[in-house]
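On a predicted model such as this, the values are computed, not experimentally measured, just so you know.
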Amino acid sequence: MAEPPVLIRQDEVEGLLHYKDLIPRLEVALGKFSKLDSAEVIQPVRTTVPLQKYNGFLGLMPAYLVHEDILCTKLVCFYKRESGSTLPSTQATVLLFDPEYGNVKAVMDGEVITAKRTAAVSAISAKLLMPAKSEVLTILGAGHQALSHYNVFTETFSFKEVRVWSRRKETAERFAQSTQGHVTVWESVEEAVNGADVIVTVTGASEPVLFGQWVKPGAHVAAVGACRPDWRELDDVLMRQAKVYVDSREGAVAESGDIILSGAKVFAELGEVLNGTRPALREKTTVFKSLGMGIQDAVSAKLVFEQWKNKH
């Protein structure tokens, strides 16, 4: 008889999931996904259930990694909140299964997993694509994803300057005060991204906030927000002049308003670059359009569960 599932709370997940362990596992998973071997990685495109009454949707993200024997699904609610709302913009729960018996082994908070695996994949994109000499990092947005991106980018790379912008200046100031290092708050997006080598967009925007004319040639943009076909963070100029990389082509053409509405062509998946089948064009302006994948949650959940078992 199967044991009841363990419940791993948010603070426990936070303490068990570390970027130094997570990034290498995500790189392996991304590479396997882009080999298009359906016998190795099974991951349907995210299923969504509209929550129009609350201006949001429920996303179901199942995945099975055959070789690692990881069966997992994430249930996540996204909301487009009004400015100043105190309600969360996302809520997520991750279920880790025993693939042989079919029972749930663990139920864990999905907020930390989502924030950390998303930031870790953005860092992988930067490692592959940002200019060789990158000194200035700009973060547009000041929520949970902004903080996870700040943490992994400053842990992984050595930037001389970190800037932040948010629609509400007090939110950006609160974010800057919450970080361990020195972060400068900027009044406008144009000023914040001027001369930046790496730009991370983690906003709740549904219309473009970052415009190509402001972006330094050769910069790398990790675009994390705007996860619906009719939402955008980046304008047509940027999308069309940049080389566009994604985590999943199939996901991008179904879900990314930045790609769909601009008509931009996807140049490569990150996994293809990791596999050596597509080039990393560092000298070009690059955009990594992140949508997130079930395999990223699965790898993260397995790591959390392994670390939890080691402590118990």
Original post:
Can Val28 and Val299 be said to form a side chain to side chain contact (heavy atoms under 4.5 Å, CB included), step by step?
Top reply: CA-CA 10 Å; Val28 170; Val299 166; over 6 Å; no

Original post:
Looking at Phe78, does the NZ or CZ of Arg228 lie under 6.0 angstrom from its six-membered ring centre and within 45 degrees of the ring axis?
Top reply: no

Subject >> Aromatic ring pairing Phe153/Phe159, orientation class (parallel under 30°, perpendicular over 60°, tilted between) >> reply: parallel

Original post:
Short question: side chain of Glu111, backbone of Ala92 - any donor-acceptor pair under 3.5 Å?
Top reply: yes

Original post:
Which pair of non-hydrogen atoms, one from Glu12 and one from Trp308, has the smallest distance, and what is that distance?
Top reply: OE2-NE1, 3.8 Å

**OP:** Return yes when atom NZ of Lys105 has more than 12 non-hydrogen atoms of other residues, nucleotides or ligands closer than 6.0 Å, and no otherwise.
**Re:** yes

Subject >> Euclidean distance, Ser300 OG relative to Leu26 CG, rounded to 0.5 Å >> reply: 5.0 Å

**OP:** Determine yes or no for a side-chain-to-main-chain donor-acceptor pair under 3.5 angstrom, with Gln43 supplying the side chain and Ile295 the backbone.
**Re:** yes

**OP:** Locate the shortest heavy-atom distance separating Glu135 from Asp197; write the atom from each residue and the value.
**Re:** N-OD2, 2.8 Å

Original post:
Does a side-chain heavy-atom distance below 4.5 Å link Leu281 with Phe267?
Top reply: yes

Original post:
Applying the 4.5 Å side-chain criterion to the ILVMFWY set and letting contacts propagate, would Val209 and Phe288 be lumped into a single cluster?
Top reply: no

Subject >> Close side-chain approach of Ile23 to Thr156, heavy-atom, < 4.5 Å >> reply: yes

Original post:
Would a distance-only check, ignoring hydrogens and angles, find a side-chain to backbone donor-acceptor pair under 3.5 Å from Glu233 to Asp258?
Top reply: no

Subject >> Electrostatic pair Lys35:Glu40 at N-O distance under 4.0 angstrom >> reply: no

Original post:
Closest heavy-atom contact between Thr154 and Asn151?
Top reply: OG1-O, 3.3 Å

Original post:
Taking C-beta and beyond as the side chain, do Val136 and Lys216 meet within less than 4.5 Å on heavy atoms?
Top reply: no

Original post:
Are Phe211 and Leu234 in one and the same hydrophobic cluster, where Ile, Leu, Val, Met, Phe, Trp and Tyr link if side-chain heavy atoms are under 4.5 Å apart?
Top reply: yes

Subject >> Partners meeting ring-ring contact (aromatic ring centres under 6.0 Å, His included) with Trp186 (sequence neighbours left out) >> reply: none

Original post:
Does a salt bridge link Lys116 with Glu14, judged by any charged N lying under 4.0 Å from a carboxylate O?
Top reply: yes

Subject >> Same apolar cluster (I L V M F W Y, side chains within < 4.5 Å links), Tyr150/Val121 >> reply: yes

Subject >> Separation between CZ of Arg232 and CG of Leu261, rounded to the nearest 0.5 Å >> reply: 5.5 Å

**OP:** May I ask you to decide whether Lys302 forms a salt bridge with Glu306, counting only side-chain N to carboxylate O separations under 4.0 Å?
**Re:** yes

**OP:** Would you give the length of the straight line joining atom CG of Asn194 to atom CH2 of Trp214, rounded to the nearest 0.5 angstrom?
**Re:** 11.0 Å

**OP:** Using the test ring-ring contact (aromatic ring centres under 6.0 Å, His included), find all partners of Phe305 that sit at least two apart in sequence or belong to another chain.
**Re:** none

**OP:** Show your reasoning for whether side chain to side chain contact (heavy atoms under 4.5 Å, CB included) applies to Met130 and Arg282.
**Re:** CA-CA 6 Å; Met130 73 183 189; Arg282 281 185 191 274; 4.1 Å; yes

Subject >> Which atom of Asp235 lies closest to which atom of Leu238, heavy atoms considered >> reply: OD1-N, 3.0 Å

**OP:** List the atom of His182, the atom of Thr184, and the distance in Å for their closest heavy-atom pair.
**Re:** NE2-CG2, 3.4 Å

Subject >> Among Arg117, Arg25, Arg46, salt bridge (charged side-chain N to carboxylate O under 4.0 Å, His left out) partner for Asp297 >> reply: Arg117

Original post:
Are Asp109 and Ile8 close enough, and set up right, to give a side chain to side chain contact (heavy atoms under 4.5 Å, CB included), and what steps lead you there?
Top reply: CA-CA 7 Å; Asp109 177 85; Ile8 307 178; over 6 Å; no

Original post:
Do the side chains of Tyr19 and Ile124 join up, straight or via other hydrophobic residues, at under 4.5 Å, putting them in one cluster?
Top reply: yes

**OP:** Could you grab the distance from atom CG of Leu95 to atom CG of Leu75, nearest 0.5 Å is fine?
**Re:** 5.5 Å

Original post:
Can you name the closest pair of heavy atoms from Thr138 and Ala196 and give their distance?
Top reply: OG1-CB, 3.4 Å

**OP:** Kindly compute the distance separating SG (Cys72) from CE (Met108), expressed to the nearest 0.5 Å.
**Re:** 7.0 Å

Original post:
In this structure, are over 12 heavy atoms from other groups packed under 6.0 Å from Gln180 atom CD?
Top reply: no

